[in-house]
Amino acid sequence: MTYAPDAAEHPTKVMGIINVTPDSFFDGGQWSNQVAAIDHGLDLVAAGADILDIGAESTRPGFEPVPTDEQLRRLLPVLHGLESAGVPISVDTRDATVAHAAISAGATIINDVSGGDGDAAMLDVVAQAGVDYVCQSWRRGLAATDWRATLDDLLWRRDACIDAGIETAHIILDPGLGFGGDLQDDWNILTHIDAFTALPHRVLVGASNKRFVQQAGSNADWAVETSNIAITTWCASQGVWAVRTHTVADHKQAIAVMSRIKR
């Protein structure tokens with residue numbers, strides 16, 4: 001059974017990223033100020049974001065884990081400030097305590113790059129809350145450099161979610177682009193993204209400004225963003241539920257065009 005509905009009827013959603021971190025690989029911490037982060041979130045919604053994803057810990061290559069208290073200090077004021085944004089709020093964290101606090105503050109999606117492998121309590125917290133859960137393949141320690149290995153790893157984490165009591169309808173799968181050691185693997189995953197969307201789950205793809213995107217040609221800002229939009233268009237054509245991006249308006253336009261073509 002394929003989860004993804006027809007792209008013309010239900011176009012791919014855009015998840016706008018808000019990094020409330022001083023060391024984000026993309027925005028250099030320009031939204032780490034809480035007021036600036038809230039304003040940025042409202043700007044993303046005005047540009048068409050369907051979901052906002054707030055992260056208080058960078059997972060860039062070589063990142064240092066951020067203590068729970070510091071994540072909460074960064075995150076909660078922004079989360080409260082965006083309560084009236086009118087779109088679902090996702091919180092990007094591997095920490096079960098942060099997830100619990102975020103859910104209590106109104107988050108309806110937990111986005112966990114470790115797929116529950118980073119904190120033993122995470123899956124129980126999500127199951128008890130009954131919220132949506134982005135289960136990502138962290139792609140650490142995979143023996144094979146093959147998209148099938150990522151799919152198998154993702155299914156292993158998916159099964160752990162189900163065993164913990166998370167309902168199938170609440171599980172969103174993310175193949176974890178940018179988290180592998182070989183950049184070619186990311187292209188291979190995108191080539192075979194239909195194998196992921198064929199599963200009975202929504203699929204989220206986060207390609208925005210990842211290292212492999214810069215392989216596509218010039219690494220000038222405009223060229224990287226053009227590549228990002230091309231990937232979004234491909235994902236929309238393949239039934240991906242949502243793309244996670246630092247920018248929104250052009251991605252919304254690309255998805256609208258793809259939906260028009262489908263009609």
Side-chain angles (χ1 to χ4, degrees), residues 7 11-32 36-37 39-41 43-55 58-63 90 92 111 113 136-137 139 145 147 150 174-194 196-197 203-262:
T12 297
K13 298 180 183 298
V14 175
M15 176 185 280
I17 301 169
I18 308 171
N19 291 314
V20 287
T21 61
D23 56 346
S24 166
F25 75 91
F26 172 72
D27 50 39
Q30 61 181 306
W31 316 122
S32 58
D39 288 344
H40 181 53
D43 287 344
L44 291 174
V45 173
D50 302 293
I51 306 161
L52 294 177
D53 187 53
I54 310 171
S58 173
T59 51
R60 62 185 295 171
F63 76 94
S90 166
D92 182 354
N111 181 9
V113 301
Q136 180 182 304
S137 170
R139 298 174 63 192
T145 55
W147 65 270
T150 298
D174 182 342
L177 298 179
F179 283 80
D182 186 340
L183 303 186
Q184 181 58 42
D185 293 348
D186 296 316
W187 294 112
N188 293 340
I189 288 168
L190 284 172
T191 299
H192 297 282
I193 198 66
D194 59 332
F196 295 81
T197 58
V203 173
L204 172 68
V205 170
S208 183
N209 297 287
K210 296 290 177 68
R211 289 175 297 161
F212 80 97
V213 178
Q214 297 178 3
Q215 273 193 337
S218 169
N219 62 2
D221 289 345
W222 67 266
V224 173
E225 180 58 7
T226 301
S227 299
N228 291 332
I229 294 166
I231 291 170
T232 286
T233 305
W234 168 249
C235 288
S237 75
Q238 298 299 305
V240 166
W241 168 72
V243 292
R244 183 177 180 272
T245 181
H246 294 86
T247 57
V248 168
D250 290 341
H251 293 262
K252 288 288 288 189
Q253 179 66 17
I255 291 166
V257 170
M258 177 55 61
S259 297
R260 183 64 178 265
I261 292 171
K262 289 279 189 178

For [X], enumerate each residue passing the side-chain hydrogen bond (donor to acceptor under 3.5 Å, both in side chains) test, keeping only those at least two apart in sequence or located in another chain.
| X | answer |
| --- | --- |
| Lys13 | none |
| Gln184 | Asn188 |
| Asp250 | none |

Taking atom [atom1] of [X] and atom [atom2] of [Y], what is their separation to the nearest 0.5 Å?
| X | Y | atom1 | atom2 | answer |
| --- | --- | --- | --- | --- |
| Ile54 | Thr21 | CD1 | OG1 | 12.5 Å |
| Ile18 | His246 | CD1 | NE2 | 11.0 Å |
| Ser90 | Leu204 | OG | CG | 8.0 Å |
| Met15 | Thr245 | CE | OG1 | 11.5 Å |

(message) Donor-acceptor pair, distance only, cut-off 3.5 Å: does the side chain of Thr233 make one with the backbone of Ala254?
(response) no

(request) Look at the side chain of Asn228 and the backbone N and O of Ser208, then say whether any donor-acceptor pair between them is shorter than 3.5 Å. (result) no

Do [X] and [Y] come close enough that some side-chain heavy atom pair is under 4.5 Å?
| X | Y | answer |
| --- | --- | --- |
| Asp186 | Pro175 | no |
| Val257 | Ile261 | yes |
| Val205 | Phe196 | no |
| Thr232 | Thr12 | no |
| Trp147 | Thr191 | no |
| Lys252 | Asp50 | yes |

How close do [X] and [Y] get, heavy atom to heavy atom, and via which atoms?
| X | Y | value |
| --- | --- | --- |
| Ile17 | His40 | O-NE2, 3.7 Å |
| Pro11 | Ile255 | CB-CG2, 3.7 Å |
| Val213 | Ser227 | CG1-CB, 3.5 Å |
| Leu190 | Cys235 | CD2-SG, 4.1 Å |
| Ala207 | Ile231 | CB-CG2, 3.9 Å |
| Val240 | Ala242 | CG1-O, 3.2 Å |

(request) List for me each residue that meets ring pair (Phe, Tyr, Trp, His ring centres under 6.0 Å) alongside Trp187, sequence neighbours excluded, and say none if there are none. (result) Phe212

(request) Return each pair, listed once, that meets salt bridge (Lys or Arg N to Asp or Glu O under 4.0 Å) where at least one residue sits in residues 222-235; pairs must be two or more places apart or across chains. (result) none

(message) My understanding is that only one of Val20, Asn19, Asn111 makes a side-chain contact (heavy atoms from CB on, under 4.5 Å) with Asp92; could you say which?
(response) Asn111

(request) Inspect the contact between Asp53 and Arg244 and indicate whether a charged nitrogen and a carboxylate oxygen are less than 4.0 angstrom apart. (result) yes

(request) Just jot down the salt bridge (charged side-chain N to carboxylate O under 4.0 Å, His left out) partners of Asp174, sequence neighbours excluded, or say none. (result) none

